[in-house]
Amino acid sequence: MALRDPVDRNMQRMEARRFATRCDGQVSLIERADTLREVARLATLINLPFSLSSDDTARDALRVVQMRAEDRARELIQEQLQHFVRSDKNQRENLKRTMRDAWANLTGPLGHLRTWAQSKLVAAEQQSD
């Protein structure tokens with residue numbers, strides 16, 4: 001019954017727009033992040049309030065944040081792997097350890113990227129041998 005009240009509906013829309021604007025700012029921060037730790041932190045920093053859980057605008061905005069964080073994390077992992085392939089054979093073990101430490105930061109909505117990154121590393125090792 002509360003949603004039939006025009007004031008409540010307008011307040012809900014205003015909250016959804018405010019949340020979407022906050023998500024847009026978060027996307028901008030994610031695009032500028034240069035480490036996996038920062039991307040993972042920014043991806044989990046924003047949560048959907050319960051009052052907006054049924055609002056499509058708010059859910060779409062949160063989905064955009066998560067998708068952009070995943071894309072940025074994939075970009076950073078690809079950069080790490082390219083650096084690994086171009087590196088000297090003596091440095092590869094140190095780089096592998098460093099990459100695995102960085103991938104340990106992939107938690108929450110980005111946790112599935114750990115296995116993806118590991119498979120890409122195996123492929124890069126086979127390619128460079």
Side-chain angles (χ1 to χ4, degrees):
M1 272 218 255
L3 292 179
R4 293 184 187 192
D5 185 17
V7 173
D8 287 339
R9 255 193 322 240
N10 286 335
M11 289 294 289
Q12 186 81 8
R13 280 191 213 125
M14 184 179 69
E15 281 297 316
R17 283 194 304 265
R18 187 173 146 274
F19 182 76
T21 302
R22 188 169 157 224
C23 287
D24 289 342
Q26 200 74 3
V27 167
S28 298
L29 291 173
I30 288 170
E31 289 173 353
R32 287 185 276 156
D34 58 350
T35 63
L36 288 173
R37 172 179 267 178
E38 187 69 12
V39 171
R41 185 185 70 79
L42 290 169
T44 58
L45 193 62
I46 192 163
N47 294 318
L48 183 66
F50 179 74
S51 62
L52 297 177
S53 62
S54 63
D55 189 77
D56 291 335
T57 305
R59 286 193 317 231
D60 289 342
L62 186 61
R63 190 175 311 115
V64 167
V65 169
Q66 291 173 347
M67 286 176 29
R68 185 57 193 132
E70 182 177 334
D71 292 343
R72 182 64 182 145
R74 285 181 192 267
E75 291 169 7
L76 291 172
I77 290 169
Q78 290 288 358
E79 288 175 13
Q80 288 175 338
L81 292 171
Q82 287 174 358
H83 183 68
F84 175 80
V85 169
R86 286 184 264 134
S87 69
D88 185 28
K89 291 192 186 291
N90 298 331
Q91 295 176 334
R92 288 195 177 162
E93 285 302 317
N94 289 338
L95 285 174
K96 221 187 322 185
R97 190 176 325 110
T98 303
M99 286 188 297
R100 286 187 177 141
D101 287 344
W103 297 344
N105 292 309
L106 296 172
T107 58
L110 301 177
H112 66 281
L113 290 178
R114 273 192 253 164
T115 54
W116 177 82
Q118 189 64 34
S119 67
K120 292 293 184 180
L121 177 61
V122 169
E125 286 176 324
Q126 290 175 352
Q127 175 189 7
S128 64
D129 285 340

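Residues Gln80 and Leu121 fail the side-chain proximity criterion, which asks for heavy atoms closer than 4.5 Å. With contacts defined as side-chain heavy-atom distances shorter than 4.5 Å, the pair Leu76/Glu79 qualifies. No side-chain heavy atom of Cys23 sits under 4.5 Å from any side-chain heavy atom of Val64. Contact of the Glu38 side chain with the Arg32 side chain is not registered, since no non-hydrogen atoms from C-beta on lie closer than 4.5 Å.
One finds a salt bridge joining Glu75 and Arg68 here, because a Lys/Arg side-chain nitrogen approaches an Asp/Glu carboxylate oxygen to under 4.0 Å. Salt-bridge annotation for Arg74 and Glu70: present, with a side-chain N of the basic residue lying under 4.0 Å from a carboxylate O of the acidic one.
Taken to the nearest 0.5 Å, the CZ atom of Phe84 stands 10.5 Å off from the CD atom of Gln127. Here the CG-CZ distance, from Leu62 to Arg22, works out to 10.0 Å after rounding to the nearest 0.5 Å. A distance of 10.5 Å separates CH2 in Trp103 from CG in Leu113, rounded to the nearest 0.5 Å. Taking CG of Leu106 as the reference point, atom NE2 of His112 lies at 9.0 Å (rounded to 0.5 Å). In this structure, the separation between CD1 on Ile77 and CZ on Arg72 is 11.0 Å, given to the nearest 0.5 Å. We find the CZ-CG distance between Arg86 and Leu81 to be 11.0 Å, quoted to the nearest 0.5 Å.
Under the 4.5 Å side-chain heavy-atom criterion for grouping Ile, Leu, Val, Met, Phe, Trp and Tyr, Met67 is not connected to Leu110 through any hydrophobic cluster. Met11 and Leu52 fall into different hydrophobic clusters, where Ile, Leu, Val, Met, Phe, Trp and Tyr are joined by side-chain heavy atoms under 4.5 Å apart, directly or via other members.
No side-chain donor-acceptor contact under 3.5 Å links Arg18 to the backbone of Arg13. Remark: side-chain polar atoms of Arg114 are not paired, donor with acceptor, to backbone N or O of Ala104 under 3.5 angstrom.
The two residues Ala16 and Asp55 make their nearest non-hydrogen contact at CB-OD2, 3.1 Å. Residues Pro49 and Phe19 share a closest heavy-atom pair of CD-CE1, 3.7 Å. Closest heavy-atom contact between Ala69 and Val39: O-CG1, 3.4 Å. Heavy atoms only, all atoms of each residue included: Ala20 and Thr57 are closest at CB-CG2, 4.4 Å.
For NZ of Lys120, the number of neighbouring non-hydrogen atoms (other residues, nucleotides, ligands) closer than 6.0 Å is 12 at most.
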